Amino acid sequence: MKFAVFGDIHGNLEALDAVLAECESREIDHYLCLGDIVGYGANPDECVERVRALGAPAVCGNHDHAVIGAQNLNYFNSHAKEAVIWTTGQLSESSKKWLKSLPLVQHLPDFSLVHGSLHSPEIFNYVQTIKDADYNFRQMDRPLLFLGHSHYPLAFFDTSPMTYTLDPTIPLDLSVKTVINVGSVGQPRDENPRSCFAIYDTEAAKVELIRVEYDVDAAAEKITAAGLPPTLALRLSVGK
Ligand code: ZN
């Protein structure tokens, strides 16, 4: 079975559509969404509609949480805060209701999904170091955890000693707990502007991090035209 695992779309419809087209060409069986469907980009409502239409298990990200009024905006920097306020005005009542229905964590038979960290998911901590990963290993009762939030794709392994890899092909040994950050569809921050998502192939026992070209200029122009902070448009072309 093949799962497409994706998140941090951030209202970037050009990027999301490119990823979904790539998924169609790869015969994906199921979709899993790691949250932050909205925030920063110019098409939040359309992105919510796309993800809803997939019927994918999904978790709530900190931006999704903020636009439904569940997150203190003081935790956001000024550009993010501006984007949250703008996005709130763009979403239909139906989209807001659906975002409100999203849990912070989803447990499926062999893996779990969370936006930031299993360790106090409502705080949206980042998992960027082995120490951060260790907090998650201790909370995991399934071998695999998929998460996002940092927009930086990588994987951590609960080996002795613990290790990590930046390699896009991640072999899985289900006797070793593994945390995988699937990167970001709509605002990559690893200096690679291409969209990033993961394919979990259960038969091949591996996760592959996939990069997809999309129309960065079109997404950036829409951000500028919407009157959102110009830096949110500029960062897309450098992947920062
Ligand atoms: Zn994000």
Side-chain angles (χ1 to χ4, degrees), residues 4-16 18-19 32-48 50-51 56 58-68 70-88 90-91 95 99 102-106 113-118 120-128 132 136 145-154 179-198 209 211-212 214 216 219-220 223 228-229 231-236 238-240:
V5 198
F6 66 102
D8 291 291
I9 301 153
H10 286 294
N12 186 336
L13 187 63
E14 286 72 21
L16 178 58
V19 164
L32 305 164
C33 180
L34 296 174
D36 270 7
I37 301 163
V38 306
Y40 298 133
N43 292 105
D45 207 51
E46 293 84 349
C47 288
V48 169
R50 290 281 199 284
V51 176
V59 290
C60 195
N62 53 315
H63 286 254
D64 309 319
H65 223 216
V67 297
I68 58 171
Q71 187 85 0
N72 186 336
L73 288 190
N74 292 335
Y75 290 107
F76 287 77
N77 66 41
S78 63
H79 295 143
K81 198 188 285 186
E82 214 175 306
V84 165
I85 293 164
W86 182 86
T87 299
T88 305
Q90 299 293 312
L91 291 169
S95 291
L99 289 172
L102 297 179
L104 290 169
V105 181
Q106 289 242 22
L113 312 173
V114 70
H115 181 69
S117 170
L118 270 190
S120 304
E122 71 285 357
I123 297 172
F124 297 101
N125 286 317
Y126 291 95
V127 178
Q128 293 173 305
D132 301 334
N136 282 268
L145 172 65
F146 292 103
L147 49 77
H149 195 36
S150 71
H151 301 201
Y152 197 100
L154 83 169
V179 170
I180 298 173
N181 188 317
V182 305
S184 168
V185 169
Q187 196 195 77
R189 293 181 193 159
D190 58 342
E191 300 185 26
N192 178 345
R194 291 179 297 160
S195 281
C196 189
F197 75 105
L209 294 164
R211 303 307 290 240
V212 182
Y214 75 95
V216 172
I223 288 171
L228 285 159
T231 183
L232 298 179
L234 294 171
R235 67 190 303 175
L236 295 180
V238 285
K240 269 189 175 173

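Counting convention: from 1, in listed order, for ligands and their atoms alike. Here the structure is a predicted model, which means the values were calculated and not measured.
- Here Tyr40 and His79 keep their ring centres 6.0 angstrom or further from each other.
- The line from CG of Asp132 to OH of Tyr126 is 11.5 Å long, rounded to the nearest 0.5 Å.
- Between His151 and His10, the ring center distance clears the sub-6.0 Å criterion.
- For the Zn ion (ligand 1), the set of nearby N, O or S atoms under 2.8 Å includes none belonging to His115.
- When distances to the Zn ion (ligand 1) are checked against a cut-off of 2.8 Å, His151 contributes an N, O or S atom below that limit.
- For Asp8, the N/O/S atom at the shortest distance from the Zn ion (ligand 1) is named OD1.
- Using a 4.0 Å cut-off between charged nitrogen and carboxylate oxygen, Arg211 and Asp190 count as a salt-bridge pair.
- Looking only at its N/O/S atoms, His10 has NE2 as the one nearest to the Zn ion (ligand 1).
- Taking the Zn ion (ligand 1) as reference, Asp36 places its N/O/S atom OD2 nearest.
- Put simply, the side chain of Cys196 does not reach to within 4.5 Å of the side chain of Ser184, judged on heavy atoms.
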